[in-house]
Asker: 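Dumping the structure here so I can ask a few things about it.
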There are 2 protein chains.
Amino acid sequence: MIAPTHLQLFNNIKNKIYKGLLKPGDMLPSENELAEEYNISRVTVRKSLSLLEQAGYIYSAPGKGYFIREPVTNKYILSFNEMNNTNGQSIFSKLLEVNVIPPDADLMNELKLPEERYVIVIKRLFFSDNTVVAYDEKYMPYEKGLPLVEREIKCATFPELACKNKSLFSIKKSLKIRSTTSQGNISKLLNIEDNHPLLEIEQKLYTADNKVIGWSKTYYLSEFLELNAYWSFGQNSYEMNDMSE
Amino acid sequence: MIAPTHLQLFNNIKNKIYKGLLKPGDMLPSENELAEEYNISRVTVRKSLSLLEQAGYIYSAPGKGYFIREPVTNKYILSFNEMNNTNGQSIFSKLLEVNVIPPDADLMNELKLPEERYVIVIKRLFFSDNTVVAYDEKYMPYEKGLPLVEREIKCATFPELACKNKSLFSIKKSLKIRSTTSQGNISKLLNIEDNHPLLEIEQKLYTADNKVIGWSKTYYLSEFLELNAYWSFGQNSYEMNDMSE
DNA sequence: GAGTGGTCTAGACCACTTG
DNA sequence: AAGTGGTCTAGACCACTCT
């Protein structure tokens with residue numbers, strides 16, 4: 001099988017990077033030089049370079065040239081879904097409490113409420129195979145007309161709850177991950193001894209313009225949830241023929 | 001400021017997605033239709049669509065058309081660096097032990113050693129501001145000529161240790177994140193009581209062809225390390241003029 | 001002023017999906 | 001057979017950098 005020209009050049013340069021023939025900081029030949037060297041059009045060269053840039057191998061400095069990037073090694077892809085653990089077992093939830101309350105100072109701060117507005121509280125227990133695996137508290141600024149149908153709350157993930165009628169594309173989410181141990185009330189709810197290790201995941205949801213629309217903390221039994229993350233270059237495997245030089 | 005044509009079309013379509021005028025599953029007009037509608041060349045249309053595809057908004061089905069994607073909501077960007085916590089405080093390490101040992105069954109399994117090969121063990125304590133913050137164990141298949149200079153081991157992150165003379169581009173890394181509590185020996189090393197919450201991070205390093213070249217576990221004091229992850233679309237803010245319709 | 005990347009055009013051929 | 005996206009070409013103009 002013959003690869004398209006732009007992929008051949010893409011792989012050619014990528015391989016030189018892997019082999020160390022091109023090191024971070026090095027400059028690539030110019031677009032015109034590459035086009036001439038490989039007898040292809042400049043447009044095709046640009047296609048190859050664009051792929052390398054997307055994949056993070058190189059960057060372009062207009063007026064100067066293309067350079068090999070220092071690989072970013074501290075950003076990982078993390079998989080996380082409230083309603084599924086890593087093994088894909090789905091989670092069922094039981095509502096403990098749904099309320100509309102006036103926020104305390106802490107909540108007003110976390111939700112960055114501009115004025116004193118009512119806040120929806122949802123407390124749930126998560127089950128997998130009829131065993132309690134997590135406890136969950138969520139807070140959302142109250143908006144008129146927000147549906148609070150029990151069935152929805154039981155099955156919905158946080159974005160689904162907070163983003164009714166909003167495009168899922170337009171929100172931002174952040175996670176904070178901590179290790180804690182169970183104490184008092186949480187121990188009782190989760191039906192465990194005190195000092196049991198818990199994975200605490202704090203979620204925040206924002207609109208595109210950075211308004212906080214949701215804040216939650218979920219406490220997972222450590223034996224139930226283990227988070228996975230990975231890092232690798234060139235996830236898109238264009239592993240094909242190199243271009244002959 | 002006038003945006004380039006392809007960015008205008010890019011934003012135009014992106015905004016339609018945000019507003020919900022285009023929903024996941026919907027088909028876009030064909031390249032030729034868009035080119036005619038906006039009086040631009042097909043190449044420029046393709047540039048816009050390519051950007052939307054990169055950003056995850058759409059995908060192309062050759063022979064059919066372009067479609068709006070269901071947003072992937074369970075993949076986050078996680079920042080993690082052994083030698084820096086999230087606040088950027090750097091970490092110093094103290095070597096406890098460096099050894100070359102014959103692997104036990106567990107190690108052979110984790111490192112997927114094809115035969116019985118010697119393994120390098122490195123045990124370290126991490127300090128920040130003269131306080132112990134983590135304990136770390138690393139295992140790497142022994143290779144002749146691997147440098148074990150003490151100074152290097154003290155300062156190096158795992159990839160740097162295991163990938164001497166290899167291109168950092170060509171490796172893969174995976175993390176597993178768990179919550180545990182300190183017990184026995186680890187409590188002593190970290191100078192804490194038993195049952196103290198710890199964030200356990202297990203790292204594995206692979207070559208491009210999936211050979212395991214390193215395995216490690218690091219136990220962080222929960223009060224020292226909190227992991228951060230985030231999710232958002234269109235991180236690259238091309239927020240500029242929309243294209244007039 | 002020569003060279004670099006950034007943008008855009010018009011036109012061509014292909015392999016594929018659809019009716 | 002008509003339409004779709006995928007690939008590639010040759011040529012043009014721009015803003016920028018470097019010397």
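In what follows, chains are A, B, ... by sequence order, proteins preceding strands, each numbered from 1.
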Asker: Rounded to whole Å, how long is the line connecting atom CG of A:L7 with atom C1' of D:dG6?
Answerer: 11 Å
Asker: Mind checking what makes side-chain contact (heavy atoms from CB on, under 4.5 Å) contact with A:A229, not counting sequence neighbours?
Answerer: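 By the side-chain contact (heavy atoms from CB on, under 4.5 Å) rule, A:A229 matches A:Y76, A:L78, B:L78, B:L175.
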Asker: For residues A:M140 and A:G214, report the shortest heavy-atom separation together with the two atoms involved.
Answerer: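 Answer, listing the atom of A:M140 first, then A:G214: CG-CA, 4.3 Å.
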Asker: Using atom CG of A:L49 as one end and atom P of C:dG5 as the other, report the distance to the nearest whole Å.
Answerer: 8 Å
Asker: Using the ring-ring contact (aromatic ring centres under 6.0 Å, His included) criterion, which residues pair with B:Y139? Sequence neighbours excluded.
Answerer: B:W215
Asker: Taking side-chain hydrogen bond (donor to acceptor under 3.5 Å, both in side chains) as the test, write out the residues that go with B:R117, two or more places apart.
Answerer: none
Asker: Restricting both atoms to N or O, compile the protein contacts to nucleotides 14-19 of chain D shorter than 3.5 Å, with distance only.
Answerer:
residue, atom, partner, partner atom, Å
D:dC18, OP1, A:K64, NZ, 3.4

Asker: Within the pair B:S30 and D:dG3, is there a side-chain N or O less than 4.0 Å away from OP1 or OP2?
Answerer: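 B:S30 to D:dG3 OP1/OP2: no side-chain N or O under 4.0 Å.
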Asker: Quick one: is B:Y66 getting a side-chain N or O under 4.0 Å of the D:dG6 phosphate, OP1 or OP2?
Answerer: yes
Asker: Which residues pass the ring-ring contact (aromatic ring centres under 6.0 Å, His included) test with A:Y59, not counting sequence neighbours?
Answerer: A:F67
Asker: May I have the distance from A:H6 (atom NE2) to D:dT7 (atom P), rounded to whole angstrom?
Answerer: 4 Å
Asker: In whole Å, I'd like the distance from the CG atom of A:L52 to the P atom of C:dG5.
Answerer: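 Rounded to whole Å, this separation is 13 Å.
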Asker: Going by side-chain contact (heavy atoms from CB on, under 4.5 Å), name the residues that satisfy it together with B:P29, two or more places apart in sequence or in a different chain.
Answerer: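 For B:P29, the residues satisfying side-chain contact (heavy atoms from CB on, under 4.5 Å) (neighbours in sequence not counted) are B:E33, B:L34.
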Asker: Return no unless some side-chain N or O of B:S60 is found under 4.0 Å from OP1 or OP2 of D:dG6.
Answerer: yes
Asker: Heavy atoms only: give me the nearest A:A3-A:Q8 pair and the separation to one decimal.
Answerer: O-NE2, 2.6 Å
Asker: Quick check with a 6.0 Å cut-off and a 45 degree axis cone: is A:K138 positioned over the face of A:F158's six-membered ring?
Answerer: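 Checked: cation-pi criterion met.
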Asker: In whole angstroms, how far is the C1' atom of C:dG3 from the CD atom of A:E36?
Answerer: 14 Å
Asker: Not counting sequence neighbours, list each pair that qualifies as a salt bridge (Lys or Arg N to Asp or Glu O under 4.0 Å) and has a residue in residues 46-55 of chain B.
Answerer: B:E31-B:R46
Asker: Going by side-chain contact (heavy atoms from CB on, under 4.5 Å), name the residues that satisfy it together with B:T157, two or more places apart in sequence or in a different chain.
Answerer: B:N81, B:E82, B:M83, B:P159, B:E160
Asker: At less than 4.0 Å, is any side-chain N or O atom of B:R46 found next to OP1 or OP2 of D:dG5? Yes or no.
Answerer: no
Asker: Can you name the side-chain hydrogen bond (donor to acceptor under 3.5 Å, both in side chains) partners of A:R178, sequence neighbours left out?
Answerer: A:E200, A:E202, B:E226
Asker: Can you tell me which stems DNA chain D forms when a stem means 3 or more consecutive Watson-Crick or G-U pairs under 3.5 Å?
Answerer: C:1-16 with D:3-18
Asker: In whole angstrom, give the distance that lies between atom CG of A:L28 and atom C1' of C:dG5.
Answerer: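 These atoms are roughly 12 Å apart.
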Asker: Rounded to whole Å, please give me the gap between NZ in B:K47 and P in D:dG6.
Answerer: 15 Å
Asker: Let me know the distance between CZ of B:F10 and P of C:dT7, rounded to the nearest Å.
Answerer: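 Result: 13 Å.
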Asker: Below 3.5 Å is the cut-off: list the nitrogen or oxygen pairs between protein and nucleotides 9-12 of chain C, distance only.
Answerer:
residue, atom, partner, partner atom, Å
C:dT9, OP2, B:S41, N, 2.8
C:dT9, OP2, B:S41, OG, 2.8
C:dT9, OP2, B:T44, OG1, 2.5
C:dA12, N6, B:R42, NH1, 3.3

Asker: Residues two or more places apart in sequence or in another chain: which of them pass side-chain contact (heavy atoms from CB on, under 4.5 Å) with B:K211?
Answerer: B:T207, B:D209
